[in-house]
Structures are given as C-alpha cells and as structure tokens.
K.L.:
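Before we start, here is the structure in question, set down as structure tokens.
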Amino acid sequence: MPILEVENLSISFNQYTSSFKQNNIQVISSLNVSLEEGEILAVVGASGSGKSLLAHAILGILPDNATISGTIYYNGEVLTASKQASLRGKEVAFIPQSTNYLDPLMRVGNQVRTSVKTGDATAAQRAVFKRLHLQPTVENMYPFQLSGGMARRTLLSTAIVSDAKVIIADEPTPGLDPVVMKEALNNFREFADNGCAVMLITHDIESALTIADKIAVFYAGTTVEVAPVEDFTGDGEALRHPYSKALWRALPQNDFIPIPGSQPHPSALPTGCLFAPRCKEAILECGKKQPEMRNLRNGMVRCIHAT
Amino acid sequence: MQLEAKNIGFRYDNGPWLFQNTNLTVEPGEIVGLTGPSGRGKTTLCRILSGYEKPLEGNVTIGGLPISSKGVHPVQLVFQHPEKAVNPRWKMEKVLSEGGKLDEELFDLLGIEQEWLTRWPNELSGGELQRFCVARALGPSTRFLIADEMTTMLDAITQAQIWQAVLEMATKREMGIIVVSHEAKLVGRLCDRVVKF
C-alpha cells in the first residue's frame with residue numbers, strides 16, 4: 001500500500017482581473033501520483049507544470065485563494081487539513097525551493113536543532129553539517145551570512161535530522177557543486193533504503209536518474225507518464241508518452257533537438273489532451289477529451305496512442 | 001575583432017583579490033566554455049567583460065581597441081534568473097525595446113509569440129521570459145554574447161530551443177559566445193574549447 005496517494009487532484013486559483021471581476025484559473029487538473037515506502041519518486045517537468053503546487057497541496061500550505069478537489073491519502077486514510085497540520089514538520093518533512101524559507105533572525109544551527117525530535121539535538125546537527133561539508137563555524141551564522149549553496153545545505157540538514165517518514169524535496173540541488181550534490185542525493189537514497197519515502201521534485205532529469213526508482217513526468221498541470229528509471233535510456237523508445245520522449249531527446253547528452261512550441265498557459269489550456277497541439281501523433285480524437293491515466297508496461301501513461 | 005581580457009584583476013571593496021592576471025580571448029564565431037566551482041568569480045569576470053564592472057587591473061578590448069562607454073555595449077550578458085533581469089512594471093514590448101530595433105527573424109527563431117508582447121513579466125513562465133532576455137541581448141550591434149547559467153533553471157526542451165536559436169544566430173553573424181555552466185554535458189555539447197576558472 002502506498003504511504004502517500006494523490007487521486008484526481010485539481011487546484012485552481014481565484015484571481016482578480018480588474019477591481020470587480022474575478023476569474024478562476026485551473027493550474028492542476030486530475031493529477032494522480034503515489035509514493036511507496038522505501039522508494040524515491042522523482043517529479044520532473046517544465047517550470048509552471050505544477051510540481052511545486054503538488055508539494056504545497058500535500059502539505060496543506062496553499063494560499064487562501066486556492067480551491068482544491070480530489071483526495072490525498074496518507075497511510076490509507078484521507079489526509080484532512082488538521083491531519084496535515086499535525087504531520088508536517090514531523091512525519092512529513094519539506095525542503096522548500098527557496099532559501100528564503102529559513103528564519104532570518106535565528107542562527108542556522110539552532111534552526112536545524114529544532115527539527116531533531118529524539119536524542120542529542122546538538123550532536124545530530126553537528127554530524128549532519130560535517131556530512132554536508134559545512135564548517136563548524138556555520139552553525140553560529142545567520143541566513144544572510146550564508147552563500148546560496150550553504151543555505152541550501154542548511155535546508156537539507158533540517159530534513160535529514162528529522163524522523164520523517166516522508167520527505168518532499170522541492171528543487172533541493174541547484175547551486176550545489178557536484179561533490180555536495182552527490183552527498184545530498186546519497187542522503188536521499190539512504191533515507192529511502194531505511195524505509196522512508198522521498199518525493200524529489202526537480203527539472204534536472206540527469207541527477208534524478210542516478211537515485212530515483214520511478215519518474216513522474218508533469219506537463220501543464222498533470223501527470224503524463226510514470227515510468228521506472230530504467231526506461232530512460234537510448235532514444236527513449238521504452239518511454240510511453242510523446243512528451244517524455246521529447247524531453248529525454250532534448251538533453252544535451254542525447255540529441256539536443258527540441259520540439260517546437262511551449263507549454264500552454266493555465267488560462268488557455270486546450271480542451272482535449274494537453275499535449276495535443278505540440279504532438280506529431282495527434283489525431284482528431286486527441287483534441288476532444290483529455291485521455292485517462294492508464295497502466296502500461298509497469299508504468300502509467302495518459303495517451304491514447306501509447307503502446 | 002577578437003574580444004580580449006588582459007591581466008584582469010578585481011576585488012570588491014577592500015576584500016581579498018577575487019582574481020588577478022586573468023587572461024581570456026574569444027574569437028568571432030568561437031564558443032568558449034567557462035567552468036569552475038562557485039565563488040571563484042566567474043560571474044564577476046562576465047560582468048567585467050560586458051561592462052557592468054570596471055576591472056581594477058588590466059583592460060578589456062575588442063579588436064585591440066578599448067570599448068566605448070557610449071551606445072549599446074558590443075558584449076551582452078544574459079543572466080540565470082530572467083525574472084530578476086526585466087522591469088516588473090514594464091510590459092514585454094517595452095522590455096524588448098531596450099534592445100533597440102530587433103530582427104523579426106529572432107522572434108520566430110526563439111519562439112516568441114506576438115500575444116506575449118502585451119503581457120506583464122509575471123504572466124510569463126521562466127522559459128518564456130528567458131527568450132525575451134536572449135532576444136533583447138541579440139541586438140544588431142552585439143558581437144559577443146555571454147550566457148551565465150542561461151538555461152540552468154529551464155527544462156531540457158526549452159533549454160535546447162533557446163540554444164538552437166542562439167547557435168543559429170551566432171553562426172549567421174559570426175558572433176562569439178562565452179558559456180558559463182556547471183553542466184559538463186551541456187558545455188561539452190556546445191563549446192569549441194573550455195577554460196577552467
């Protein structure tokens with residue numbers, strides 16, 4: 001049984017277009033994803049595809065003008081707002097995308113120690129700093145004294161020292177040099193191997209492939225494919241969705257050839273398959289209605305052509 | 001008309017020297033990678049080459065002559081975060097007009113849609129905004145382009161789209177490019193030679 005399951009999640013935002021006019025923009029539509037214990041799920045996709053919003057929805061920290069439908073299950077039970085509040089920071093740890101999430105008025109060593117729930121907090125904090133190559137003097141610094149990479153490592157530390165069962169990491173690696181990046185990624189792998197579940201949100205497919213078990217590909221606010229990492233190989237012939245294939249082939253180590261066009265804006269989503277306007281295989285039927293997510297070859301896909 | 005930095009030295013205020021006696025030459029049409037750990041001064045060197053900072057030692061020349069401080073700078077820099085490089089209170093049309101009169105061909109090449117011109121910067125995604133920043137930097141008088149982690153925040157398809165457009169323009173105009181990136185595979189794909197900083 002998955003520890004975390006997101007079923008048919010949709011999120012829309014109410015926005016004022018002028019003083020008295022509001023409109024509703026759908027940013028995530030019928031999204032399905034599940035996370036198993038002992039597993040790392042990488043979520044990849046373009047910016048604006050709804051990756052961070054999914055994380056915020058799971059934690060219950062979306063802004064007030066967001067409307068949510070669909071269900072999130074945690075350990076088989078429906079995840080309600082009060083449950084979210086009691087779990088986050090404890091069983092569910094979050095590594096936010098922006099380093100602005102650190103408390104600007106608290107020494108970073110102390111911030112990390114507050115996440116330690118059992119045992120010697122100071123020792124745990126020092127051990128994790130050492131592991132991530134942070135000098136002992138860093139613990140007495142304030143966030144404004146840190147470089148981008150140091151702040152990023154502090155955020156990682158707070159999750160590493162916690163006893164969380166689920167870690168949701170939103171773009172945890174930009175700005176890290178290759179040595180520290182590897183250490184951070186290894187840490188996630190260890191977590192998973194100890195029975196935790198990790199959701200790694202990233203646009204860096206290459207580093208995701210080195211540690212993840214499964215990859216969920218997002219496009220325009222929904223999942224188009226969930227595939228085991230082994231399928232990301234060669235020309236991408238093992239992949240299921242045309243967008244995943246295009247993404248894979250556009251990498252500099254592969255063909256480096258892009259498909260034309262760009263992801264539709266949430267206010268102008270096509271009626272049928274969200275990828276149809278850019279898809280070479282699109283037929284009339286693709287433009288009619290959004291295909292359902294279906295199981296295919298040990299993965300999932302949202303495309304009527306996929307075999 | 002090669003771009004040459006000779007014996008460049010720089011430090012902020014009275015801090016330690018970030019670098020000294022640094023030399024770099026880029027020929028027209030050449031693509032040079034610049035890599036190295038963060039904090040070494042790669043971005044500062046780029047800012048010096050493109051005229052945002054003055055070197056404390058040494059000088060920067062194009063074709064052996066110092067660069068005029070008047071008019072459009074022939075070396076243009078594209079930054080990592082496009083949302084920090086455009087005026088949030090200007091519509092995209094006005095943002096683009098900063099680059100002077102631009103080639104219509106550029107818009108097609110970069111996939112900039114007409115409809116985006118009337119939007120505000122916060123109504124575009126990072127990838128869409130970066131296309132504008134690239135277009136703005138590719139005015140008719142640009143001889144060298146510096147891409148400082150230009151596509152680090154973008155997905156692979158958008159990254160490839162922008163680079164293919166830039167490469168095509170570079171070949172056509174015989175423009176030199178400096179690529180700053182941590183991504184070894186991208187640098188390997190794009191560059192004629194790589195300088196470790």
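Note on naming: letters A, B, ... go to the chains in the order of the sequence lines (proteins, then strands), and numbering restarts at 1 for each one.
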K.L.:
Name the region of A:Asp255, side chain, backbone, both or neither, that has any atom closer than 4.5 Å to a heavy atom of chain B.
P.N.:
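Backbone only.
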
K.L.:
Is it true that atom NZ of B:Lys6 has more than 12 heavy atoms of other residues, nucleotides or ligands lying nearer than 6.0 Å?
P.N.:
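Counting other residues, nucleotides and ligands, NZ of B:Lys6 stays at 12 neighbours or fewer.
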
K.L.:
Please name the pair of heavy atoms, one in A:Ser262 and one in B:Glu128, separated by the smallest distance, quoted to 0.1 Å.
P.N.:
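For A:Ser262 versus B:Glu128, the nearest heavy atoms are OG-OE2, 3.9 Å.
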
K.L.:
Where does B:Gln161 contact chain A at under 4.5 Å (heavy atoms): side chain, backbone, both or neither?
P.N.:
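Backbone plus side chain of B:Gln161, per the 4.5 Å heavy-atom cut-off to chain A.
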
K.L.:
Using a cut-off of under 4.5 Å for heavy-atom pairs, which of B:Thr158, B:Leu190, B:Leu154 has the most such pairs with chain A?
P.N.:
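If we count pairs closer than 4.5 Å to chain A, B:Leu154 comes out on top.
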
K.L.:
Rounded to the nearest 0.5 Å, how far does CD1 of B:Ile157 lie from CZ of A:Arg249?
P.N.:
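So the CZ of A:Arg249 and the CD1 of B:Ile157 are separated by 10.5 Å.
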
K.L.:
So, for A:Ala250 and B:Ala156, which heavy atoms are closest and what is the spacing to 0.1 Å?
P.N.:
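Scanning both residues, the minimum pair turns out to be CB-O, 3.6 Å.
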
K.L.:
Out of A:Leu251, A:Ile205, A:Ile259, which one racks up the most heavy-atom pairs below 4.5 Å with chain B?
P.N.:
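Among A:Leu251, A:Ile205, A:Ile259, the one with the most close pairs to chain B is A:Ile259.
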
K.L.:
Atom CZ of residue position B:Arg89 - does it have more than 12 heavy atoms of other residues, nucleotides or ligands inside 6.0 Å?
P.N.:
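At most 12 heavy atoms, drawn from other residues, nucleotides or ligands, come within 6.0 Å of this atom.
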
K.L.:
If we ignore hydrogens and angles and just use 3.5 Å, is the side chain of B:Arg189 paired with the main-chain N or O of A:Asn254 as donor and acceptor?
P.N.:
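Confirmed, B:Arg189 side chain pairs with A:Asn254 backbone.
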
K.L.:
Return the minimal non-hydrogen interatomic distance between A:Ser47 and B:Gly126, and the atom names on each side.
P.N.:
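In terms of heavy atoms, the two residues are closest at OG-N, 4.0 Å.
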
K.L.:
Within the supplied structure, the quantity of interest is the number of heavy atoms (other residues, nucleotides, ligands) at a distance under 6.0 Å from A:Gln135 CD; does it exceed 12?
P.N.:
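12 or below, so no.
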
K.L.:
Between B:Gln159 and A:Pro258, is there a donor-acceptor pair closer than 3.5 Å when you use the side chain of the first and the backbone of the second?
P.N.:
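Not at all, since once roles are kept as given, no pair shorter than 3.5 Å links the two residues.
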
K.L.:
Can you tell which part of A:Gln263 gets under 4.5 Å to a heavy atom of chain B, answering side chain, backbone, both or neither?
P.N.:
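For A:Gln263, the contact with chain B is made by the backbone alone.
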
K.L.:
Please name the pair of heavy atoms, one in A:Ala46 and one in B:Asp155, separated by the smallest distance, quoted to 0.1 Å.
P.N.:
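Closest heavy-atom pair between A:Ala46 and B:Asp155: CB-OD1, 3.3 Å.
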
K.L.:
Which heavy atom of B:Lys185 sits nearest a heavy atom of A:Pro252, and at what distance?
P.N.:
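Result for this residue pair: O-CB, 3.8 Å.
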
K.L.:
Let me confirm one number: the CE-NE2 distance from A:Met181 to B:His182, rounded to the nearest 0.5 Å.
P.N.:
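Here the rounded value is 9.0 Å.
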
